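On a predicted model such as this, the values are computed, not experimentally measured, just so you know.
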Amino acid sequence: MALRPRILLITPLPPPIHGSSMVSQTIKESKLLNEEFEMDFVNISTSRKVEEIQKASLWLYVIKLLRFLGAYFKVFWHLCTRKYDLCYLAITCHGTPFIKDYPFVMLCKLFRRRVIIHQHNKGMSKDVDKWPYSWMLPRAYEGTKVMLLSKLLYSDIQNVVEEEQILVCPNGIPNSATFDQDMCEPSTPHLLFLSNLIESKGVYVLLDACKILHDKGCEFICDFVGGTTKEINTDTFASAVEMRGLKNSAIYHGPKYGKDKDLFWKHSSAFVFPTFYKDECFPLVLLEAMQHHLPVVTTNEGGIPDIVINGETGYICERKNVQQLAEKIEILLNSAILRKQMGHAGFKRYKEFFTQDSFEKRISECLHSAISQTN
């Protein structure tokens, strides 16, 4: 029996839970990938709670520095004691987090290992002409393979990465949703927004669209589910709702998990996600909506147009275009048949392209391709 290729995975692992750490955990637990590769993991996350990402204190900086040094020496030890066919890194490509992750890439190159970088974020284009990024970025990405979640994200890194280096690997999620096609919708359509209350995720944009719809006499309830943030807490959200006269139409429910979150999916008529978040790449929440047979109204941010087919599985609006967002939501509010058709089309698209099995097969192909590349 042939030996399995050996991979060192240098990546954030949960907690805290975010897109990159969730994908890394999926890889770590994948039966397929564990059968095909021998994998060692080093957790490079310096935060262990969401609160640690948002907080700033001298003691916390010291703790994070110690975690960084521990991860760095762990990678060094692995590279010294084992021969790897590939080093997989899930790093941030811009800002201070890139400077933190840069030494891990260069350490793997120092040991002359093949490197593949799994790009879960964007923002490189804003830094590439600034010092020290103009010096560091080309050195980090030279000679690597780069996995993108969507080909649409290539424009962000094209000044540093050649097109021949690119491999495309869209994310996927397990199908944990249950759907009862005989279940009746509530008499009043429910719109669902599921994200932490961050302005750039479109909270106020959606509230403004709801005001337009409310003033036109449309009947609906917009459910906001997610945690509060420094930007928007319970009081500021309530004030924004009251200012727009949406007291009975826009309701904040706080964060929900497990079965409690499932209830909102099941009792919703459409999912609305008007994000203009600068680092938005491939939001998994859209895949969740599709597996729950919901039509999606969202924006043309990042790789979203590769997820949602405009006019078929939902609608894609321009970022921050409140009027257009309201128009597309109104179309869905006025037609239960269209909501059902688009929701079913979205579920079919999820089953075809975005299941966890599909993702694991794609990433296996990408890893094999990176291992077989000539240096």
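- A chain of hydrophobic side-chain contacts below 4.5 Å, direct or via other Ile, Leu, Val, Met, Phe, Trp or Tyr residues, connects Met106 to Val115.
- One finds no salt bridge joining Arg319 and Glu280 here, because no Lys/Arg side-chain nitrogen approaches an Asp/Glu carboxylate oxygen to under 4.0 Å.
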Check against side chain to side chain contact (heavy atoms under 4.5 Å, CB included), Lys351 and Phe347:
CA-CA 6 Å; Lys351 289 288 287 183; Phe347 178 72; 3.6 Å; yes

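- A donor-acceptor contact closer than 3.5 angstrom is absent between the side chains of Glu301 and Thr275.
- Annotation: side chain of Ile307 is in contact with side chain of Leu287 (closest heavy-atom distance under 4.5 Å).
- Ile7 and Val105 fall into different hydrophobic clusters, defined by Ile, Leu, Val, Met, Phe, Trp and Tyr side-chain heavy atoms under 4.5 Å apart, directly or through other members.
- Annotation: Glu318, atom CD; neighbour count of heavy atoms from other residues, nucleotides and ligands within 6.0 Å does not exceed 12.
- A salt bridge is defined here as a Lys NZ or Arg NE, NH1 or NH2 lying under 4.0 Å from an Asp or Glu carboxylate O, and Asp215 with Lys211 meets this definition.
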Side chain to side chain contact (heavy atoms under 4.5 Å, CB included) for Cys108 and Tyr84? Distances and angles first, verdict last.
CA-CA 10 Å; Cys108 295; Tyr84 291 97; over 6 Å; no

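- With hydrogens and angles ignored, the 3.5 Å screen pairs a side-chain donor or acceptor of Gln165 with a backbone N or O of Tyr141.
- Remark: Leu191 CG to Leu333 CG distance equals 5.5 Å, nearest 0.5 Å.
- The two residues Leu167 and Cys366 come nearest to each other via the heavy atoms CD1-O, 3.7 Å.
- For Asn121 (side chain) and Cys93 (main-chain N/O), a donor-acceptor pair under 3.5 Å exists by modelled atom type.
- Linking Ile, Leu, Val, Met, Phe, Trp and Tyr residues whenever their side-chain heavy atoms come within less than 4.5 Å places Trp135 and Tyr133 in a single cluster.
- Counting only residues at least two apart or on different chains, the salt bridge (charged side-chain N to carboxylate O under 4.0 Å, His left out) pairs with a member in residues 238-263 are Asp208-Arg244, Lys261-Glu288.
- Ala370 and Leu86 get closest at one heavy-atom pair: CB-CD1, 3.8 Å.
- Atom CD of Glu231 has more than 12 heavy atoms from other residues, nucleotides or ligands within 6.0 Å.
- Under the 4.5 Å side-chain criterion, counting only non-hydrogen atoms from C-beta, Val285 is in contact with Phe273.
- Side-chain contact check for Phe111 versus Cys80: some heavy-atom pair is nearer than 4.5 Å.
- Atom CE of Met22 has 12 or fewer neighbouring heavy atoms from other residues, nucleotides or ligands inside a 6.0 Å radius.
- In this pair, Tyr88 and His118 present their aromatic rings perpendicular. The plane angle is above 60°, beyond the 30 to 60° band.
- Taking each heavy atom of Lys201 and Ser195 in turn, the nearest pair found is CG-OG, 3.5 Å.
- A 4.5 Å side-chain heavy-atom check between Phe359 and Pro170 finds every atom pair outside the cut-off.
- Taking each heavy atom of Met290 and Tyr350 in turn, the nearest pair found is CE-N, 3.9 Å.
- For Arg114 (side chain) and Ile371 (main-chain N/O), a donor-acceptor pair under 3.5 Å exists by modelled atom type.
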When you look at Tyr252 and Leu197, which way does the side chain to side chain contact (heavy atoms under 4.5 Å, CB included) test go after all the steps?
CA-CA 10 Å; Tyr252 174 60; Leu197 299 185; 3.7 Å; yes

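- Remark: the backbone N or O of Tyr154 is not paired with any side-chain donor or acceptor of Gln119 at under 3.5 angstrom.
- With 3.5 Å as the limit, one finds a donor-acceptor pair spanning the side chains of His253 and Asp223.
- By the criterion of side-chain heavy atoms lying less than 4.5 angstrom apart, applied directly or through intervening Ile, Leu, Val, Met, Phe, Trp or Tyr residues, Leu148 is not grouped with Phe353; the two fall into different hydrophobic clusters.
- Between the side chain of Ser24 and the backbone N or O of Ser20, at least one donor-acceptor pair lies under 3.5 Å.
- Counting only heavy atoms from C-beta outward, the side chains of Asn310 and Asn300 never approach each other to under 4.5 Å.
- A donor-acceptor contact shorter than 3.5 Å is absent between the side chain of Ser200 and the backbone of Phe276.
- The aromatic rings of Phe224 and Phe193 are tilted relative to each other, their planes meeting at an angle between 30° and 60°.
- Considering Leu207, Ile212, Leu206 as possible partners of Val322, the one that fulfils the side chain to side chain contact (heavy atoms under 4.5 Å, CB included) test is Ile212.
- His292 is not listed as a side-chain neighbour of Ser268, based on a closest heavy-atom distance of 4.5 Å or more.
- A donor-acceptor pair under 3.5 Å is absent between the side-chain atoms of Asp127 and the main chain of His94, judged by distance alone.
- Lys109 NZ: more than 12 foreign heavy atoms inside a 6.0 Å radius.
- In this structure, Ser150 and Val168 approach most closely via the heavy-atom pair CA-CG1, 4.2 Å.
- Hydrophobic clustering, with ILVMFWY side chains joined whenever heavy atoms are under 4.5 angstrom apart, groups Met136 together with Ile44.
- No side-chain donor-acceptor contact under 3.5 Å links His214 to the backbone of Cys210.
- Applying the salt bridge (charged side-chain N to carboxylate O under 4.0 Å, His left out) test to residues at least two apart or on different chains, the pairs with a partner in residues 150-176 are Lys151-Glu163.
- Under the side chain to side chain contact (heavy atoms under 4.5 Å, CB included) criterion, Cys317 pairs with Val297, Gln324, Leu325, Lys328, not counting sequence neighbours.
- The main-chain N or O of Gly226 is never found under 3.5 Å from a side-chain atom of Asn196 such that the two would form a donor-acceptor pair.
- Remark: His78 NE2 is packed, more than 12 non-hydrogen atoms of other residues, nucleotides or ligands lying under 6.0 Å away.
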Assess whether side chain to side chain contact (heavy atoms under 4.5 Å, CB included) is satisfied between Cys87 and Leu79, documenting all intermediate values.
CA-CA 10 Å; Cys87 291; Leu79 290 169; 4.0 Å; yes

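- The NZ atom of Lys266 sits 16.0 Å away from atom NE2 of His190, with the distance rounded to the nearest 0.5 Å.
- When all heavy atoms of Gln356 and Pro174 are compared, the closest pair comes out as OE1-CD, 3.0 Å.
- The distance from atom CZ of Phe73 to atom CZ of Phe68, rounded to the nearest 0.5 Å, is 9.0 Å.
- Looking at Asn233, its side chain does come within 3.5 Å of a backbone N or O of Thr236 through a donor-acceptor pair.
- Rounding to the nearest 0.5 Å places CG of Asp85 at 11.5 Å from CZ of Arg4.
- No side-chain heavy atom of Ser21 sits less than 4.5 Å from a side-chain heavy atom of Leu13.
- Annotation for Phe76: atom CZ does not count as buried by contact number, only 12 or fewer foreign heavy atoms lying within 6.0 Å.
- Separation of atoms CD1 (Ile117) and CD1 (Ile91) is listed at 4.0 Å; rounding is to 0.5 Å.
- Exactly one of Val296, Leu152, Leu286 qualifies for a side chain to side chain contact (heavy atoms under 4.5 Å, CB included) with Ile304. That residue is Leu286.
- Side-chain contact check for Glu360 versus Thr26: some heavy-atom pair is nearer than 4.5 Å.
- Under the 30°/60° scheme for interplanar angles, the aromatic rings of Trp265 and Phe271 are found to be tilted.
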